[in-house]
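Written below as C-alpha cells is the structure these notes are about.
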Protein chains: 2
Amino acid sequence: MSVTSIKDIARLSGFSVSTVSRVLNNTGRFSETTRKKIIRIAKENNYSQNIIAKGMRKGRLAIIGILVPDITNSYYASIVKKCEQYFFKKDYLTIVCNTERNAGLEEKYISKLSNHMVDGLVVISTQNVIRKEQVDLPTVFIDRSPKLNNNIITASSDNYTGAVLATNHLIDKNCFPIMLTNKDNEFSSNESRIKGFTETAQSRGISNPTIISTNTNSDEIYLAKKAILTQLTVLWSKHRKLGIFAINDNVASYIYQIAIEEGFNVPDKLSIVGFDDAPIAKKLQLSTIRQNTSEIAKVSCSNLLKLLKHENILEHKFTIPISLIKRKTT
Amino acid sequence: MSVTSIKDIARLSGFSVSTVSRVLNNTGRFSETTRKKIIRIAKENNYSQNIIAKGMRKGRLAIIGILVPDITNSYYASIVKKCEQYFFKKDYLTIVCNTERNAGLEEKYISKLSNHMVDGLVVISTQNVIRKEQVDLPTVFIDRSPKLNNNIITASSDNYTGAVLATNHLIDKNCFPIMLTNKDNEFSSNESRIKGFTETAQSRGISNPTIISTNTNSDEIYLAKKAILTQLTVLWSKHRKLGIFAINDNVASYIYQIAIEEGFNVPDKLSIVGFDDAPIAKKLQLSTIRQNTSEIAKVSCSNLLKLLKHENILEHKFTIPISLIKRKTT
DNA sequence: GCTATTTGCGCAAACGTTACCGCAACTTGC
DNA sequence: GCAAGTTGCGGTAACGTTTGCGCAAATAGC
C-alpha cells in the first residue's frame with residue numbers, strides 16, 4: 001500500500017527525517033543500531049520511496065525515451081527490446097513511442113518527453129526532427145546518416161559493406177545483380193546500400209547493374225508485382241541467372257513468394273539476398289545480410305549513458321559490422 | 001533549453017507565481033490582457049512545465065506501465081503498439097517492460113514501477129505475479145484466465161470459440177483433427193483452446209482427436225520434427241487426410257515448412273490452421289484464427305483508464321471475438 | 001586532562017508546481 | 001448610492017524528498 005512517507009518512518013522510529021533519509025540511501029553518517037532500527041521499521045511499514053519526490057529533488061526520473069517508427073517491425077522491436085533491457089540493468093526505465101515516421105507525432109512525443117520527463121532519448125530512423133530534438137535532450141540516433149551533423153551521436157550498421165557483401169555474393173554465384181529498393185530513399189542507410197551495390201558491380205565489371213525502386217511497404221509492394229515481373233523477363237533475355245538484392249527481408253520474402261508462384265527456380269534461375277535477418281528470413285531459409293541489433297543497441301545505450309554522466313565520448317559515429325548469412329536462396 | 005521556471009515568468013511578467021500558473025493551466029480567474037502578456041512572455045522564454053514538479057503536486061506522472069513477455073513477438077508487439085497509441089491520445093506515456101516470463105524480473109519491474117512511477121499497469125500473459133501486483137496498482141490483465149480472481153479486470157480473446165472454429169473448419173474439410181500445442185500449458189488460453197478442440201471433435205463424432213504437446217519455442221520446436229513426423233505417419237495409416245490446428249502461426253508455419261520439405265501435399269493430404277494471424281501467416285498464406293489485437297488493446301486501455309478515474313466498471317471479464325481466416329493451407 | 005577530531009544526528013531550505021484562501025477593486029441590482 | 005456579488009490577483013502551504021550546515025557528544029591523541 002505504501003501510503004507511508006519518510007515522515008511516518010521518522011515519527012515511528014523516533015529519528016529525524018534526515019536521518020531516515022540517510023539510512024535509506026546509505027549516505028552520510030549514522031550508527032549501526034540506528035540503521036537497524038530504521039530499516040526494520042521501514043520494512044514493517046512497507047515503506048518505499050516516492051519516486052516523483054525523489055525525482056523532483058534530483059532533477060531526473062531515470063527514464064529514457066525511445067522514438068521508433070513502429071514496434072511491430074521485427075528489426076525495430078529487436079533493437080528496442082535490447083535497449084530496454086540494457087537500460088533496465090542500469091536502473092533506467094524506458095518509454096516507447098511509436099512515431100509512424102510522422103513528423104507531427106514525433107514533435108508531440110518529443111515535447112511530452114522534454115521538461116524532465118526523460119533523461120535522454122534514443123531516436124531510430126527519423127528524418128527531420130533533428131532540429132527539434134537538439135533543443136533539449138541528450139540523444140543518440142540509430143540508423144541516421146553520420147554525415148548529417150558532427151556533434152550528435154549516431155549508431156548504424158555498416159550498410160555500405162552489407163551491400164558489398166550481398167552484391168559480391170550474387171556475382172560470385174554468376175548472377176546478374178539487381179537491387180530492389182525503396183522508392184522514397186530519403187534514408188541514408190538506403191543511399192549507402194545503393195552506393196555499395198553500384199560500386200561493387202562496377203568493380204566486378206558490371207557497368208549497368210539494375211536498380212528497381214518501388215514502394216516496399218507491406219501492403220503496397222503487392223501492387224508492384226507486375227512491374228517487377230516485366231523487368232525480370234527483360235533481363236532474363238540477356239542473362240541466364242539473375243540475383244536480387246532486396247532492401248529488407250520482407251521484400252526478399254515477397255520476391256521468393258513470387259518465384260514460387262511463377263515457378264522460377266530459386267536459386268538456379270533467380271537468387272535472392274535480403275537484409276536484416278528477420279525471423280521470416282530464418283523461417284524461409286533466405287540468404288540475407290544480418291544486422292547486429294544487439295551491438296547497435298549496446299553501442300547506442302552505453303554512449304547515451306556516458307552522455308548523461310558527462311563522460312568523455314571518444315567518438316560520435318559508430319558503424320556496426322554486418323555479416324552475410326548464406327541460406328537456400330543463393 | 002527551458003531552464004526557466006514559473007518563477008522566472010512571474011518575475012518577467014510582473015505577476016505572481018499563482019497567476020502565471022492559473023493562466024498556463026487555464027484554471028481560475030484572470031483577465032484577458034493578463035493572459036496575453038503571460039502567454040507571450042512564456043513563449044518568448046521558451047517556458048514549459050517541469051513535469052516532475054507537476055507530478056509531485058498532482059501525485060501522478062501520467063505514465064502507464066506495460067509488462068509484456070517479449071516485444072519481439074509480433075502478437076505482443078501489436079497489442080503493445082496499440083495500447084501505447086491509445087494511451088498517448090489520452091495524454092499518457094507508456095513504459096514498456098520485457099519480462100521474458102521471468103517471475104524474478106517481473107517483480108523487479110513491478111517494484112520499480114510502483115511508488116508513483118506509473119498510474120496503472122497492463123500485464124500481458126504472466127503467470128504468478130498476481131499476488132505482488134495486487135498490492136499496489138490499478139491493473140488490467142491480458143490473456144489471463146478470467147476465472148482466477150473476481151475483482152481484477154481481464155481481457156482476452158475468445159480462445160474457446162477460436163478452437164471451435166478451427167476444428168470445425170478442419171472437419172468440414174474432411175480432415176482428421178490434430179492439435180499441436182505447448183508442452184507447458186499453464187496458460188489458460190491454451191486450456192480453453194484444448195477444450196474447444198476436444199469438445200468440437202467429439203460433437204462431430206470424433207471421440208479420439210489427437211493432441212500433440214511439444215516445446216513450441218522458436219528454437220526448441222526444431223527438435224520435435226522427428227517425433228511429429230512419426231505421429232503423422234501413424235495417423236495417415238488410418239486417415240486419408242489430416243488437419244493440424246497449431247497453437248500459433250509460428251508453429252503452423254513450421255509444420256508447413258516440414259510439409260513442403262517432405263513433399264506432403266497441402267492442403268490435400270495435410271491441412272493446417274494456425275492461430276494469431278501474425279505477419280508470417282499472411283506471407284505464407286496460412287489459414288489461421290485471427291486474434292483481434294486492436295480490440296483487445298482498446299478494451300484493456302479504456303477500462304484501465306476508467307479504473308484510474310474511479311469510474312464504474314460495468315464488467316471485469318472481457319472476451320474478445322475471434323475469427324477464422326481461410327487461406328491456402330486448408 | 002586538555003585539545004583536536006570524528007561520529008551521530010537534527011534543522012531547515014530547496015526542488016517547481018498547484019490550489020486554497022483572502023482581499024481589494026470593480027460591477028451589478030434595485 | 002448602498003449592499004451584494006463578481007473579478008483579478010497575490011500570499012502561502014503543501015507535495016516527499018535530499019542535503020548542506022551546525023552542534024553536541026563521543027572518541028582519539030599526546
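A note on names: the letters A, B, ... follow the listed sequences, proteins ahead of strands, and every chain is numbered from 1. Reckoned from all heavy atoms, side chains included, excluding hydrogens, waters and symmetry mates.
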Does [X] make a side-chain N or O approach to OP1 or OP2 of [N] shorter than 4.0 Å?
X     : N      : value
B/Y47 : C/dT17 : yes
B/N25 : C/dT18 : yes
A/S18 : D/dT19 : no
A/S16 : C/dC9  : no
A/K7  : D/dT17 : no
B/S5  : C/dC15 : no
A/S21 : D/dT18 : yes
B/S31 : D/dT7  : no
A/K54 : C/dC15 : no

**Request:** Please figure out whether B/T27 or B/A53 has its closest DNA chain C nucleotide nearer the 5' end.
**Result:** B/A53
**Prompt:** With nearest nucleotides of DNA chain C determined for B/R29 and B/Q49 from heavy-atom distances, which residue corresponds to the more 5′ nucleotide?
**Reply:** B/Q49
**Request:** Please work out if B/T34 contacts a base, only the sugar-phosphate, or nothing of the nucleic acid, heavy-atom cut-off 4.0 Å.
**Result:** sugar-phosphate
Between [X] ([atom1]) and [N] ([atom2]), how many Å, whole number?
X      : N      : atom1 : atom2 : result
A/L61  : D/dT17 : CG    : C1'   : 13 Å
A/N115 : C/dT17 : CG    : C1'   : 13 Å
A/I52  : D/dA14 : CD1   : C1'   : 15 Å
B/M56  : D/dT18 : CE    : P     : 11 Å
A/I9   : D/dT18 : CD1   : C1'   : 17 Å
A/I6   : D/dT19 : CD1   : P     : 11 Å
B/D8   : C/dC15 : CG    : C1'   : 13 Å
B/E32  : D/dT7  : CD    : C1'   : 14 Å

**Asked** Is the A/Y92-A/Y86 ring centre distance short of 6.0 angstrom?
**Response** no
**Item:** Centroid separation B/Y109 to A/F88 less than 6.0 Å
**Value:** yes
**Nearest-nucleotide pick for A/F15, side chain only, options being C/dC9, D/dT19, C/dT17** = C/dC9
**Item:** Out of D/dT18, D/dC9, C/dC9, whichever nucleotide has its closest atom nearest the side chain of A/F30
**Value:** C/dC9
**Prompt:** Can we say B/E84 and B/K81 salt-bridge, meaning some charged N sits less than 4.0 Å from an Asp/Glu carboxylate O?
**Reply:** no
**Item:** A/R101 with A/D70: basic N within carboxylate O range, under 4.0 Å
**Value:** no
**Request:** Could you tell me whether the side chains of A/S114 and A/S111 share a donor-acceptor contact shorter than 3.5 Å?
**Result:** no
**Asked** What's the verdict on side-chain hydrogen bond (donor to acceptor under 3.5 Å, both in side chains) for A/K82 and A/S294, showing C-alpha distance, side-chain angles and the deciding distance?
**Response** CA-CA 6 Å; A/K82 278 153 189 163; A/S294 299; 3.2 Å; yes
**Message:** Base of C/dA14, side chain of A/R57 - is there a donor-acceptor contact under 3.5 Å?
**Reply:** yes
**Request:** Examine the base of D/dG10 for any acceptor or donor lying under 3.5 Å from a partner atom in the side chain of B/R22, and report the outcome as yes or no.
**Result:** yes
